[in-house]
Amino acid sequence: MHDIKFIKKNPLVFDDSLKKRNLQPCSSKIIKIHNEYLEHLNLKQKLLEEKNSLSKSFVRKKDNVESIKKLVYELKAKIDNLTDLAELKLNELNELMMFLPNILSKNVPRGDSEKDNKIIKEHGEIKNFNFKPKNHLELAENLGLLDYKKAIKISGSRFSILKSDLAKLHRGLINFLLDNNSLEFGFEEYVVPELVKSEALEGTGQLPKFEEDLFKTNFNNLYLIPTSEVPLTNLNRESIINKKDIPLKYTTFTNCFRAEAGASGTDTKGLMREHQFGKVELVTISEPHKSESELNNMISCVENILKKLSIPYRIVELCSGDIGFSSSYTLDIEIWMPGQNKYREVSSCSNCTDFQSRRMKMRIKNFENGEIYYPHTLNGSSLAIGRLLISILENYQNEDGTIKIPPILKDYTNGLSIISNGKKI
RNA sequence: GGAGAGAUGGCAGAGUGGUCGAAUGCACCGGUCUUGAAAACCGGCAAGGAUGCAAGUCCUUCCAGGGUUCGAAUCCCUGUCUCUCCGCCA
């Protein structure tokens with residue numbers, strides 16, 4: 001949600017950001033509606049004041065009872081009418097604003113699609129195989145560790161079933177990632193619900209605009225989370241945080257559920273794009289002026305993982321056409337996938353500034369001077385397990401189709417060092 | 001699924017029709033005391049909005065939505081959620 005006062009003061013900044021996202025500028029429309037709302041509101045408040053004082057006078061004087069009743073009755077009718085008018089305008093305003101994306105940081109490069117994203121860093125050497133590297137699907141299927149045909153029988157397409165050593169690697173990775181985030185980078189570890197109310201999704205910005213991407217259940221109309229950014233960021237919704245407790249840094253593993261409505265035809269097989277996937281997430285609630293450095297901290301946390309795994313990666317600055325609804329600035333981290341011979345997104349780290357905190361009414365209070373303001377929220381994947389698995393399988397494959405386990409993961413996979421036909425060597 | 005209870009400020013918890021935005025305690029903030037800290041004592045302490053240069057003034061909010069009333073945290077209706085007990089269950 002946007003700050004109406006900011007829009008009124010900086011209509012051009014607001015409109016420029018919308019234009020950059022290829023959307024229609026609308027500050028003048030917003031300001032007009034808000035002024036109409038204020039007209040009704042101000043009049044209503046004056047009449048309410050009158051009505052209140054009449055009621056209070058009732059206690060003292062018991063004369064003129066009937067005339068007071070009559071006056072109040074008349075006032076009430078006017079007030080009701082103004083309440084309706086004001087509410088109408090306010091609803092109109094909110095409906096408009098809830099669909100408007102966050103204001104872009106001035107650092108976001110202009111562009112139409114992911115082709116215009118800017119590579120800002122590359123790290124790690126791409127391995128030269130002296131054979132043609134296989135893709136993860138072929139590798140895992142040959143080893144008997146991935147069975148998406150069974151998954152189709154049980155659940156349909158875009159689901160998968162991992163077996164034995166691959167399942168173990170999956171589990172080990174989760175622990176490895178959570179340890180990295182919590183022990184080395186100070187993110188507090190959580191276990192959170194994977195079903196949430198619509199209010200929580202409105203808070204982080206998935207609703208109302210992206211309903212079709214979500215799975216809705218028939219239990220209390222709860223939704224399956226598309227990312228644990230939703231429960232983590234909403235941990236402090238509608239509450240006031242003591243400035244002393246800032247920054248708040250959270251990490252968790254959850255499954256994520258996405259309808260992938262607009263993705264038909266791409267990455268249909270394997271672990272690349274599924275309706276259900278595991279992901280370890282980072283969320284930071286930050287002082288507004290420190291959110292840039294907190295984003296850097298998140299990025300280092302993710303980089304640390306990839307360095308330990310010796311997986312080549314690059315960092316990409318998302319352009320205005322590719323960046324998400326709630327974000328003001330996003331860096332994607334892409335890892336090398338030899339089977340596809342390209343980098344693919346494995347993490348997306350976003351600074352959502354005060355966009356989400358306004359929507360969920362999360363505030364910081366400085367108890368020394370009574371000041372109350374909105375924190376900045378940041379979220380980042382650290383990391384998407386399925387895609388990380390792909391990269392490990394493909395980068396660590398041997399010519400005979402076996403997979404070496406990255407040394408750092410040995411402690412997390414019961415000493416397993418190589419995956420070979422589902423048997424340890 | 002059956003039976004009952006409840007929803008009040010950051011938390012706990014009073015308050016059943018008229019200065020109640022709301023006692024009290026804890027927490028928090030400021031101060032006194034102390035070498036420092038603790039304790040004790042003194043003072044402060046809800047949020048959102050409108051208006052104004054400002055001081056201030058006003059409006060709204062005691063789960064949500066309706067209703068009764070000149071007046072509702074308090075009475076009535078509906079909804080939502082939570083808790084306890086029983087049953088079932090990882």
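Order of the sequence lines fixes the chain letters, A, B, ..., with proteins taken first and strands second; residue numbering starts at 1 for each chain. All values below were derived from every heavy atom in this structure, side-chain atoms included, with hydrogens, water molecules and symmetry-related copies excluded.
Spacing between atom CZ of Arg363(A) and atom P of A46(B) amounts to 14 Å, rounded to whole angstrom units. The nearest whole Å value for the distance from the CG atom in Leu90(A) to the C1' atom in G48(B) is 12 Å. Following rounding to the nearest Å, Ile241(A) (CD1) and C11(B) (P) show an atom-to-atom distance of 13 Å. Atom NZ in Lys51(A) sits about 5 Å away from atom P in G71(B), given to the nearest Å. Atom CG in Asn369(A) sits about 11 Å away from atom C1' in C29(B), given to the nearest Å. Rounding to whole angstrom units, CZ of residue Phe367(A) and P of A47(B) are separated by 8 Å. Between Asp3(A) atom CG and G48(B) atom P the separation is 12 Å, expressed in whole Å. Spacing between atom NE2 of His40(A) and atom C1' of G49(B) amounts to 17 Å, rounded to whole angstrom units.
For Asn255(A) (side chain) and Gln276(A) (main-chain N/O), no donor-acceptor pair under 3.5 Å exists by modelled atom type. Without hydrogens or angle criteria, Asn81(A) side chain to Ala77(A) main chain gives no donor-acceptor distance under 3.5 Å. For the pair Asn395(A) (side chain) and Trp336(A) (backbone), a donor-acceptor distance under 3.5 Å is present.
In this structure, Tyr190(A) and Tyr250(A) have perpendicular ring planes: the angle between them is above 60°, well past the 30° mark.
Summarising the base pairing, C33(B) is matched to no nucleotide, lacking a Watson-Crick or G-U wobble pair whose two defining distances lie under 3.5 Å. Nucleotide U24(B) has A12(B) as its partner under the Watson-Crick or G-U criteria, with both atom distances under 3.5 Å. Within the shown strands, nothing qualifies as a pairing partner of U74(B) under the Watson-Crick or G-U definition with both distances less than 3.5 Å. G56(B) is paired with U51(B) under the Watson-Crick or G-U wobble criterion, all donor-acceptor distances under 3.5 Å. Under the Watson-Crick or G-U wobble criterion, with both distances below 3.5 Å, U19(B) is left unpaired in every strand shown. Checking C45(B) for Watson-Crick or G-U wobble geometry (two distances, each under 3.5 Å) identifies no partner in any strand. The partner of A5(B) is U82(B), by the rule that a Watson-Crick or G-U pair needs both atom distances under 3.5 Å.
For the pair Asn242(A) and G10(B), the criterion of a side-chain N or O lying under 4.0 Å from OP1 or OP2 is not met.
Nearest heavy atom pair, residue Ile403(A) against residue Ile392(A), reads CG2-O, 4.3 Å.
Nucleotides C53(B) and G48(B) place their P atoms 22 Å apart, quoted to the nearest Å. Using P as the reference atom, U24(B) and C83(B) are 31 Å apart when rounded to the nearest Å. With P as the reference atom, U19(B) and C62(B) are 15 Å apart, rounded to whole Å. Nucleotides G13(B) and C63(B), compared at atom P, are 15 Å apart to the nearest Å. Atom name P, nucleotides C28(B) and U34(B): the rounded distance is 23 Å, in whole Å. Look at the P atom in both A22(B) and G44(B): the space between them is 14 Å, to the nearest Å. Spacing of P atoms, U16(B) relative to A55(B), comes out at 38 Å, to the nearest Å. Taking atom C1' in both C42(B) and G6(B), one finds a spacing of 39 Å when rounded to whole Å.
For the residue pair Asp332(A) and Ser348(A), a side-chain donor N or O sits within less than 3.5 Å of a side-chain acceptor on the partner. With hydrogens and angles left out, the side-chain atoms of Glu317(A) and Tyr329(A) include a donor and acceptor closer than 3.5 Å.
In the set C29(B), A47(B), A50(B), the nucleotide with an atom closest to the side chain of Leu41(A) is A50(B). Which of A47(B), C59(B), C28(B) sits closest to the side chain of Gln45(A) comes down to C59(B). Side-chain proximity of His34(A) to the nucleotides A50(B), C28(B), A47(B) is greatest for A50(B). Residue Lys76(A) places its side chain closer to G71(B) than to any other of G71(B), A50(B), A46(B). Comparing U51(B), C70(B), G48(B) by their closest approach to the side chain of Ile372(A) singles out G48(B). Picking from C58(B), G71(B), G48(B) the nucleotide with the shortest atom distance to the side chain of Glu49(A) gives C58(B). For Asn42(A), the listed nucleotide lying nearest its side chain is A50(B); candidates were C58(B), A50(B), A47(B). Taking the side chain of Asn52(A) as heavy atoms from C-beta on, and the options A47(B), C70(B), C59(B), the nearest nucleotide is C59(B).
Toward the 5' end of RNA chain B, the nearer of the two residues Leu48(A) and Glu87(A), judged by each one's closest nucleotide, is Leu48(A). The residue among Lys365(A) and Lys44(A) whose nearest nucleotide of RNA chain B is located toward the 5' end is Lys365(A).
Between His2(A) and Phe355(A), the distance from one ring center to the other falls under 6.0 angstrom.
Residue contacts for Leu71(A): at a heavy-atom cut-off of 4.0 Å it reaches no nucleic acid atom on any strand shown. Backbone-only contact: Lys244(A) has heavy atoms under 4.0 Å from sugar-phosphate atoms and none from a base. At the heavy-atom level, Lys5(A) lies under 4.0 Å from the strands shown only through sugar-phosphate atoms.
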